[in-house]
Each structure stands twice: as C-alpha cells, then as structure tokens.
Amino acid sequence: MTTRRSILAGASALVFAALARPALAAAPTLTVSTPMAPPEWALLERELLKANEEACTAFFERYFDERGYLLAFARWGANDGPDDAIENVNDWPTLHALGADDRVLAMAKKAFEGNVRQYTEAKTKDVPFARDGMYFKEFPVMSDWQHLSEGLSMFNLLGLADPYDARYRDRVKRFSGFYTGEDPTTPNYDPKLKIIRSMITGSKGPMLRKATPLDWAGDPFDVSHYFMEHGESSYQETLDHYADYGDVVGDAPLNLQATSLVMNAYMLDQEPKYRDWILTYVDAWAERAKANGDIIPSKVGLDGKIGGPKGQWWSGTYGWGFSPVAPHTGKREDRNRTPRAVVGFLNAYLLTGDDKYLDVWRRQNDVINAQKKTIDGKVSAPRMYGPKGWYGYAPGEYRLNNLDIWYMSQKASDRARAPDHPWVDFLEGKNDGFPAKALRADLEKVRARAQLQREDKSTTDTRLADATLDITPAHVTALIHLMEGGINIARPAWSPSSPPQGGALHYARLRYFDPERRRAGVPQDVGALVEKLTDDETVVSLVNLSQVAARTVTVQGGAYGEHQILSAAIAEGPAAAVNSSAFTVRLGPGAGAKLTLKMKRHVNAPTLNFPWDRA
C-alpha cells in the first residue's frame, strides 16, 4: 500500500510518495507547486545548453565525415596523434548528461567509432609498433598515460550518458583487462610487484626498451603544410622535441590514470576484482610515497625499487627532474607531470571515502612548501627536483591540486590550504553575481569558437589532428559548477596552476535524470543551481521554466550515486526523510523551490546504473 506524507512550507506543499517504478520504490517523490519567476541563471543555463548543441552540430558537420572519421591527416605522434583526434569531441558526453539534446551523444558515439576504425586502418612506415595499425584491439598499441588518458577523456565519461551501450560495456572491461592482468596476452601489469611495467603501454603490451624520438614523434612528414601547435618549424625539430624522452621502462605516476578506466569497469556491475585492483595499485603508490619521504617518486624499476637501477626517485620521462630542451627556443622547460597522478588517489577516495588517499597529497605539499624561500622579495616554492635538489621555483606556496582535495574532503583545514576562486566564494555566500557572470562567459566562449570555425581556412589535407582542438565548442565548466555543484578536473579553469587531468572521472555533488524520457540530464525547461556545499549539506534551487507543463526530475547524490541523501526540506520548512541515493521532484508549471538536502557522502558504492535501474 502506498504511503503518503504531506509537509507545508510557506505556500508550498511537499508531497512525498513511493514511486511506482520498483527500482526507486524506497525513494520518495517531492511535488513542488510554488510559483517562481524565471531566474536569470536558469534562463542562461538553458541558453548555454542550446548554444552548445548548435555549435557542436556545426563543428561535427564541418570536421567529421559520414563514417565519423576526423577530416585531418591521420598520423602517429604524441603531438598530433589518435588521442588528439578524439579529443575534438571532449565534454560532449558530459554535455548530454547535463541535459543537452540526444544528437550530441549520437555525434560523440559516431566520432568514437570512427576514431577506432580510422586509426586501426592508419599505419606507420617507420615507427615499429604501429606498422600494422595505430590501434590494436580497438585501443592504442603503445603510448604513455598522459596521452592515453587524453585520448580516453571522452570515452571515460560516456557511461554518464549511456552506461547500457553494449559496445561501451564490452570495451571498458576489455580495455581494463590490459592493465589488471586479466588479459594474459597484454602483460602491462606485474601483480607481484604491483607495478605497471613501463610508462609506455597499450594493447600490445609494455615498451621494455629505451624510447626513441621516432617512437614519440611519428613518421617523417613535411611540417610546412601544417599548423604546428608546439612551434616546430621542421620535422627535425619535432624529433628534437623528444630527444630526452627515452627513460620509460618501469612504473611512473602517470600510470595511475589507468584507474579511471578500471573504475568505469567497476561501476558497470560493481565486480569486486576491479575495486580490488584499483585500491591495491593506489595503495602501492601511497606506500612508495611514504618510503620516499612523503614525495611520490617518479621512477620505479622493474624490480619494484624506487628510483630504478640508479636509485634516482626523481628521474624518468615526465618526472620531478624532467626539464628537456625545447628545440624551437633552445631553452629548457619544466615538464613534471607527477601532479596528474592525483586522479588515481581521487578515484580511490571516490571508492572508499578514506581520507588516507587525500593525505598523501597533503603531506607531499607540506614537504615541498618546507623548501620555500624568498626570491626577488617574493616567497616562492619549488616545482621540480633533480640531482642538485629542489629547483623550478615559482612565486607563492605550492598549492597544486589543493582545490580538488578540499572539494572531496570539505574540511576547513583543506579550504585554508586551497587558492581562492569566484565559484567557491559564491558557495560561501560572498559572490551573488557569479552564476550569471560564469554562464555568460561560457556563452561567449561558445560564440567565439563558432566564429573561429567560420574563419577557419584549413582543409583536410592541411590539418593535423590537433588543429581544431582550439575550435571545438563544448563548454561545460559553468554548468558543472552551478547545476551539479561539481568540479571539472579535466579542464580546471578555476585554478590556472592546476594541470588538466585527461581521462578524469566526473566529480559532482548532484546529478539529474529525466525519468519520463529515461535518460540522464535535466528534463526540458528545468534549471538547477547548487548554492551551498558543506560536508553534510547541499542547498539547491530547482525551477520549471515552462508555464504550461509540469516537469519531473530525479535528483541523485553524487555523480555515481556515491552520496546518500538523508532528508530534504524546502527553505526553512521541516525536513522529510529520503534515505536514498536519489529521489524524484515533480515541478508544477512555472514552479520552483530551494531545497536543503542533508547528506552522508561517499557511503554508497559508485555505479553507472541510472537510479530507476538499481535497488
């Protein structure tokens, strides 16, 4: 028998009722009938979704063919290879999962299928491991996890929009097997030593030799025909760019980005083997940091020893001491990519809610900041370490990833360590104008990208795969901040000092689903604004902009249902029990309300299943 509970809050009536759909039988339905004049932020959200849809459609029609192939010179190379090609549709699944039209997801899927076919067919002549195709088993044959993760940025978020796609499910588990040891033909992982055996791995296994500039740069080509994003004026300069990139054998922190792929495999069916691998691998790196004076080493040998054969913990390509010469300037550039390894620890925290994974990064930052000194009258901290000790000093304390750590922990002590940002000021009640300003700024970015496309004079024969990365129009950061109370680690515009995290998962306080259309994202006409975040509370306003039709939206705790929603209340009204990872809101025509949600975070096993498909 259905139970019903009514609560009055001002002029609003909240009616909680058991849903007819069995998967949400334990979750309530909330009915909101209070009129709300259309807020500026809600109108701007809907306009930004629409603008993104239209701009992405125009981009796809211009730069992809009917097969989903990118209309560009398909070649192997770390600067302009397969990963760059599929990055042209980055953020498109996220855009759909926020509420954009189904055609955005359809285009993203078509681009991925085209990318797999295009780069399986594409072959090298000189690069030895890609002579039979740049992809094998639908995955790059050999690459480093900076570029693998960038190439998986879109794929790793497809599950937000459609976790039921059979090809997606097969690929996630099959690709994960390349790194968990489940695929015996692809020996990337050593389960005894808990290491990934090289920083260059893929569907053909690990590279267990010194890498050559050719491996990185790809086959010779006439660079004068193309725009070179990294500034090289000749193919020789392209080779020279990678002259110092040989040290790849053994494990490296960038390999922790493989955990995002395996996390997706876990979140399909919650098979324990995937969870176990992630935690085993991340725990091994946490132990290495502890043994190395609280600094994550950038080199681990094939024998599992920190520092490799020479005992130099700071060595390795993209390591703490990696400052190669840029051939087009003749100057050394600091290219330490160790901070990107934070993704692995955030994923472990997402799985467990265990603060020990965040504490690895707090302790590392403390060690680095202990080395700060005054340079030219400014307190500065290092970013690099080599044979002579710490170097690469920059003004200010070392704060990389501190906003990410605070977002996950919600601890006041972590907030004090993190840099300021207008979005965080808004959440703290100090920047009321931020929503409209941020949404208008992203609208302008979409407009500017669309303008660049119209002005682009390049052709298929004069484009490399990375040529249009500054034209692809999807902009979702403001929508993630405001609608979901989430962070966009893949594109951390909030913190210029934080590196982009290719292949990162989605980290959000709330997500939305349309139970009537059975898809992810807010329904038509619905706007959402997360106005406050604390460790155990979320304040969100929901509004229906349609003045003639009711809308129904399912609200989920966390990007993957990892948060439990304990109760919900309108404004200052009494709270009603929810006790579920999701509940449903029925918004009357032109109705809206501000909800205060009491929550217990990181207590549910994360899942990609939509709310109505889980018990």
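Between the Trp216 side chain and the Tyr245 main chain, a donor and an acceptor come within less than 3.5 Å of each other. Judged by distance alone, the side chain of Asn488 and the main-chain N or O of His481 form no donor-acceptor pair under 3.5 Å. Judged purely by atom type and a 3.5 angstrom limit, Ser298 has no side-chain atom pairing as donor or acceptor with the backbone of Gly319. With hydrogens and angles disregarded, no donor-acceptor distance shorter than 3.5 Å links the side chain of Asn79 to the backbone of Ala217. With hydrogens and angles ignored, the 3.5 Å screen pairs a side-chain donor or acceptor of Arg383 with a backbone N or O of Ala381. Within the 3.5 Å criterion, the main-chain N or O of Gly81 finds no donor-acceptor partner in the side chain of Arg75. Using a distance-only test at 3.5 Å, with no hydrogens or angles considered, no donor-acceptor pair links the side chain of Asp83 to the main chain of Ser149. Between the side chain of Trp76 and the backbone N or O of Asp215, at least one donor-acceptor pair lies under 3.5 Å.
Cation-pi check for Arg67 over Tyr69 is met; the charged atom lies under 6.0 angstrom from the ring centroid and within 45 degrees of its normal.
For the residue pair Thr201 / Ser198, no side-chain donor-acceptor distance below 3.5 Å is found, with atom types taken as modelled. Looking at Thr186 and Asn188, their side chains never bring a donor and an acceptor atom within 3.5 Å of each other. Using modelled atom types, one finds a donor on one side chain and an acceptor on the other under 3.5 Å when comparing Thr185 with Lys137. Of the N and O atoms on the side chains of Thr124 and Asp219, not one donor lies less than 3.5 Å from an acceptor on the other residue. In summary, the side chains of Arg463 and Ser458 do present a donor paired with an acceptor at a separation below 3.5 Å, with no hydrogens or angles considered.
Residues Val116 and Phe155 form no side-chain contact, since every pair of their non-hydrogen atoms from C-beta on lies 4.5 Å or further apart. The shortest distance between side-chain heavy atoms of Asn156 and Leu261 falls below 4.5 Å. Using a 4.5 Å heavy-atom cutoff, the side chains of Phe112 and Val89 are not in contact. Side-chain contact check for Leu479 versus Leu49: some heavy-atom pair is nearer than 4.5 Å. Proximity of Asp240 to Pro213: side-chain heavy atoms (C-beta onward) are nowhere separated by under 4.5 Å. Between Asp132 and Lys204 there is a side-chain heavy-atom pair separated by less than 4.5 Å.
Between Tyr179 and Tyr281, the ring centre distance reaches or exceeds 6.0 Å. Aromatic rings from Tyr507 and Tyr407 are positioned such that their centres are separated by 6.0 Å or more.
Taken to the nearest 0.5 Å, the NZ atom of Lys273 stands 14.5 Å off from the OG1 atom of Thr280.
Annotation: salt bridge (Lys or Arg N to Asp or Glu O under 4.0 Å) contacts of Asp190 (sequence neighbours excluded): none.
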